[in-house]
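These numbers were taken from a predicted model, which means no experiment stands behind them. Chain letters run A, B, ... following the sequence lines, proteins first, then strands; residues in each count from 1.
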Amino acid sequence: MSVLYNPKVIEKKWQKVWEDEKAFTVGTDTSKPKYYALVEFPYPSGQGLHVGHPRPYTALDIVARKRRMQGYNVLYPMGWDAFGLPTENYAIKNHIHPKIVTENNIKRFKEQLQSLGYSFDWSREINTTDPNYYRWTQWIFLKLFEKGLAYKAEMPINWCTSCKVGLANEEVVGGVCERCGSEVVRVVRKQWMLKITEYAEKLITDLDQVDYIDRVKISQKNWIGKSEGAEVDFTLAGKEDTLRVYTTRPDTLFGATYMVISPEHPFVDKYKDEIKNYEELIEYRNNAAKKSDFERTELAKDKTGVCIKGLTAVNPVNGKEIPIWISDYVLMTYGTGAIMAVPAHDERDWDFAKKFDLPIIEVVAGGRVDEAAFTNTETGILVNSEFLNGLEVADAKKKITAWLTEKGIGTKKTNYKLRDWVFSRQRYWGEPIPLVHCEKCGQVALPESELPLLLPEVESYMPTDNGESPLAAMTDWVNTTCPKCGGPAVRETDTMPQWAGSSWYFLRYIDPMNDLAFAGKEALDYWMPVDWYNGGMEHTTLHLLYSRFWHKVLYDLGYVNTPEPYQKRTSHGMILGENGEKMSKSRGNVINPDDVVSEFGADTLRTYEMFIGAFDLSAAWSMEGVSGCRRFLERVWKLQDLLTDEEGFSKELETKLHQTIKKVSLDFESLKFNTAIAAMMSFVNECYRLERITRGEYKTLLLLLNPVASHVTEELWETLSFGGRVYQASWPLWDEAKTVEATVEIVIQINGKIKAALVIEPEETEENVIKKAHEIPAISTILDGKTIVKQIYVKGRILNIVAK
RNA sequence: GCAGUUGUGGCGGAAUUGGCAUACGCGCAUGAUUCAGGUUCAUGUCCGGGUUCCCGGGUAGGGGUUCAAGUCCCCUCAACUGCACCA
């Protein structure tokens with residue numbers, strides 16, 4: 001009898017062996033093909049590891065371990081995305097320096113991850129808050145700055161009227177401050193911005209070069225939101241000024257019956273003296289400032305707005321004078337901050353016109369504009385539009401755009417939803433922006449030799465009450481000299497957002513100790529691009545897009561050798577609580593991975609998380625499901641008692657084995673871990689049914705299972721003296737001929753209903769199958785007296801007899 | 001409102017190009033095993049009706065295409081996730 005399966009002992013044992021043998025430490029090795037597998041590095045939060053973390057980590061650990069067994073030189077690294085708000089808030093609340101908080105959190109996270117036995121190359125561990133790391137984050141920022149991709153602009157921030165601090169969107173819950181419940185308003189501040197919009201087109205077109213799951217590509221395209229339209233100038237009646245609008249429907253210009261500008265539009269103040277209801281407009285603007293863009297633009301809500309009295313616009317196509325309104329659904333940050341309203345053919349405009357009783361003029365026939373906006377652009381024909389009448393929408397767009405261009409009152413214009421990246425934070429726990437403000441020279445970059453610009457280590461990292469960064473209070477640090485002219489200058493006191501450090505971290509893993517460059521050329525040439533990157537869907541539009549943007553800038557500057565950082569991107573689903581809801585403290589449904597490891601073992605946790613369901617869908621936790629996986633590993637363990645010395649394979653089991661190798665090999669590649677594990681379970685069940693397994697079969701099973709349950713398979717491998725280690729062994733290959741069953745069962749249907757089954761050889765001819773089918777009594781009885789209309793045979797699967 | 005995703009037994013979920021719906025796991029039931037069991041092994045388990053066996057129904061709901069639909073098409077409903085009404 002075999003000894004008991006004791007994961008507590010064997011898991012510690014093998015983790016130590018792997019560490020001692022430097023099993024997963026890699027270097028540049030040109031004798032082998034490289035493989036770079038990457039998972040998103042975690043934010044080391046105070047709560048410790050969540051059961052959601054091991055799902056993607058185990059998945060790519062499987063890929064990494066399989067690739068090593070297939071002869072690749074595999075880089076699978078891990079690090080810490082450690083700057084950020086929760087740490088800073090925790091530090092403020094508990095009077096512990098964020099640096100200490102971060103150190104403690106990382107220590108805990110690392111222990112937890114190591115207890116799961118991942119094949120990370122820990123010698124390449126990185127930490128975004130390490131000056132040797134953020135030195136290069138700052139360096140890249142300076143490259144962006146030198147290239148003119150960083151600029152300052154007035155941007156609204158969330159401002160808590162009570163705490164007197166700027167808040168992240170996340171800290172604003174239902175329009176009030178998350179901490180104190182006071183009202184949050186939007187105030188304008190000068191912010192550093194990065195011109196990601198300059199790369200909008202490339203970020204769309206280069207998606208063709210990479211292998212991302214469709215969902216990700218679609219999300220990125222929708223986020224960038226390219227639209228083709230026109231900009232049109234409307235003159236202000238009796239003024240020199242023109243009001244420029246952007247529209248995707250220039251064809252409906254004759255139907256514009258009013259204009260709407262954003263409450264923040266500069267014309268409101270510019271024509272203050274002529275506007276008769278200025279006070280009313282300002283009150284409306286102040287109310288709008290309290291809402292987020294999302295709230296402002298919610299289509300479901302009631303439309304609000306105020307008509308500007310004393311200012312009108314002239315429609316350039318027909319000279320008609322039309323009113324100008326302000327409304328919060330028009331945002332200053334998109335297009336020109338002004339729209340022409342065509343209520344007949346736009347839903348929002350239609351709602352607005354109905355509410356305020358504004359005229360609706362149909363210019364595209366095909367709908368019933370008295371009942372709803374007609375927005376169809378495929379079938380409509382232009383009417384009430386003079387020279388456009390009778391045209392289809394697409395043609396009308398072309399004609400009017402050409403006409404506008406010729407008259408000099410409009411141009412064709414491509415717009416993107418994508419906005420520039422607000423890059424500054426009025427916070428302590430982030431990378432300092434390495435710039436100084438000199439009265440003489442303006443914004444001046446620090447010379448490279450002065451990097452890293454260290455985050456000053458002081459006691460007071462509390463937010464200031466005037467909305468400036470905590471760094472602003474450190475006058476010794478702030479006051480400096482200009483590197484250009486040597487005169488007095490002040491440092492930039494805002495810090496970078498958390499996204500900065502994660503926008504290039506995959507490059508640092510390649511060469512983490514390099515102090516001459518973010519990574520050496522030789523290492524970059526060898527390792528880039530990342531072959532497989534897995535991460536959460538929630539990072540699709542921010543992190544993933546930001547890092548592609550930075551990489552493209554570095555590529556254009558010649559610092560990296562690939563236009564795209566990631567060759568392949570996949571995404572995992574969330575792990576929900578046992579009640580099917582998102583895990584959270586307040587719901588009381590949080591599962592701690594440490595508890596699962598100590599009760600069942602890391603191999604069980606890994607197996608369970610892979611077996612829980614389709615990798616890309618969310619799945620609910622089940623403790624009973626966990627014990628099922630533990631039971632499976634026990635059964636694998638106890639196969640030792642069924643070992644037979646009998647020569648040769650059971651033919652039946654051999655077929656099953658080759659089918660299993662094939663299934664597992666292919667399923668691991670397509671993230672179908674649940675069915676791969678099901679196939680191994682089936683194989684084990686078959687061994688129990690036959691009450692036998694040979695050494696060769698057992699060996700193969702251990703190889704297949706090793707990427708999932710790495711510790712128990714190493715232990716069994718050693719116990720059975722298969723020689724060496726599983727991590728050094730070769731991945732098994734299947735023989736296609738041996739996966740084919742000797743006989744197959746096909747189903748006989750009559751008129752699509754199953755009536756009988758027939759066992760045949762797979763290569764049996766159609767003619768013979770039909771003949772045999774008709775010989776089955778159950779079939780011949782039913783067919784008696786009927787006329788056969790047709791017979792469809794699908795090889796090795798089904799015969800359908802259609803009879804009347 | 002927009003975008004994306006999902007809907008299959010008591011539960012988690014399987015099911016290349018349309019080709020035996022419910023693999024695998026859990027739970028439950030019965031039997032065996034064990035001093036004991038939150039052990040192990042075996043067998044059964046979509047629903048309904050007559051009960052060797054057969055008949056009928058069945059993949060959120062409705063319709064369609066087809067010899068054949070969980071899978072393709074149209075409509076409806078529900079849930080989850082993200083969001084910046086993008087003019």
When Watson-Crick pairs (N1 to N3 and N6-O4 or O6-N4) and G-U wobble pairs (N1-O2 and O6-N3) count only below 3.5 Å on both distances, what is the dot-bracket string of RNA chain B, with | for other-strand pairs? (((((((..(((......[....)))((((((.......))))))(((((..)))))..(((((..]....))))))))))))....
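- Across G13(B) and G27(B), the matching C1' atoms stand 14 Å from one another, rounded to whole Å.
- Residues passing the salt bridge (charged side-chain N to carboxylate O under 4.0 Å, His left out) test with K195(A): none are found, sequence neighbours excluded.
- For the P atoms, the distance linking G31(B) with U81(B) amounts to 45 Å, nearest Å.
- Here, G38(B) and C83(B) have their P atoms 47 Å apart, quoted to the whole Å.
- Applying the side-chain contact (heavy atoms from CB on, under 4.5 Å) rule to K412(A) yields the partners E228(A), T401(A); only residues at least two apart in sequence or on another chain are considered.
- Rounded to whole Å, the separation between the C1' atoms of U71(B) and G19(B) comes to 11 Å.
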Protein proximity profile, nucleotides 27-40 of chain B - base contact B, sugar-phosphate-only contact S, no contact -, cut-off 4.0 Å on heavy atoms: S------------S
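- Taking atom C1' on both nucleotides, U39(B) is separated from A23(B) by 27 Å, rounded to a whole Å.
- Among residues two or more places apart in sequence or in another chain, the side-chain hydrogen bond (donor to acceptor under 3.5 Å, both in side chains) test is passed with D603(A) by H711(A).
- The salt bridge (charged side-chain N to carboxylate O under 4.0 Å, His left out) search around E686(A) returns R689(A), not counting sequence neighbours.
- Just one of R215(A), K672(A), H572(A) meets the side-chain contact (heavy atoms from CB on, under 4.5 Å) condition when paired with D616(A); it is R215(A).
- Against the 90° criterion about 0, the sugar-base torsion of G61(B) places it in the anti range.
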Name each donor-acceptor pair under 3.5 Å that joins a side chain in residues 750-761 of chain A to protein atoms two or more places apart or in another chain, with its distance.
from	atom 1	to	atom 2	distance (Å)
N751(A)	OD1	A803(A)	N	2.9
N751(A)	ND2	A803(A)	O	3.2

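- For S227(A) and A87(B), the shortest distance from a side-chain N or O to OP1 or OP2 is below 4.0 Å.
- Applying the side-chain contact (heavy atoms from CB on, under 4.5 Å) rule to L639(A) yields the partners L642(A), V684(A), C687(A), Y688(A), I693(A), Y698(A), L701(A); only residues at least two apart in sequence or on another chain are considered.
- Side-chain proximity of I339(A) to A87(B), G13(B), G19(B): nearest is A87(B).
- For H539(A), the side-chain contact (heavy atoms from CB on, under 4.5 Å) partners at least two apart in sequence or on another chain are E40(A), W499(A), H543(A), R569(A).
- Residues from residues 607-615 of chain A that place a heavy atom under 4.0 Å from any atom of RNA chain B, listed by number: F611(A), I612(A), A614(A).
- A search for salt bridge (charged side-chain N to carboxylate O under 4.0 Å, His left out) contacts involving K795(A) returns E763(A), not counting sequence neighbours.
- Scored by the salt bridge (charged side-chain N to carboxylate O under 4.0 Å, His left out) test, D346(A) finds R348(A) as partners (sequence neighbours excluded).
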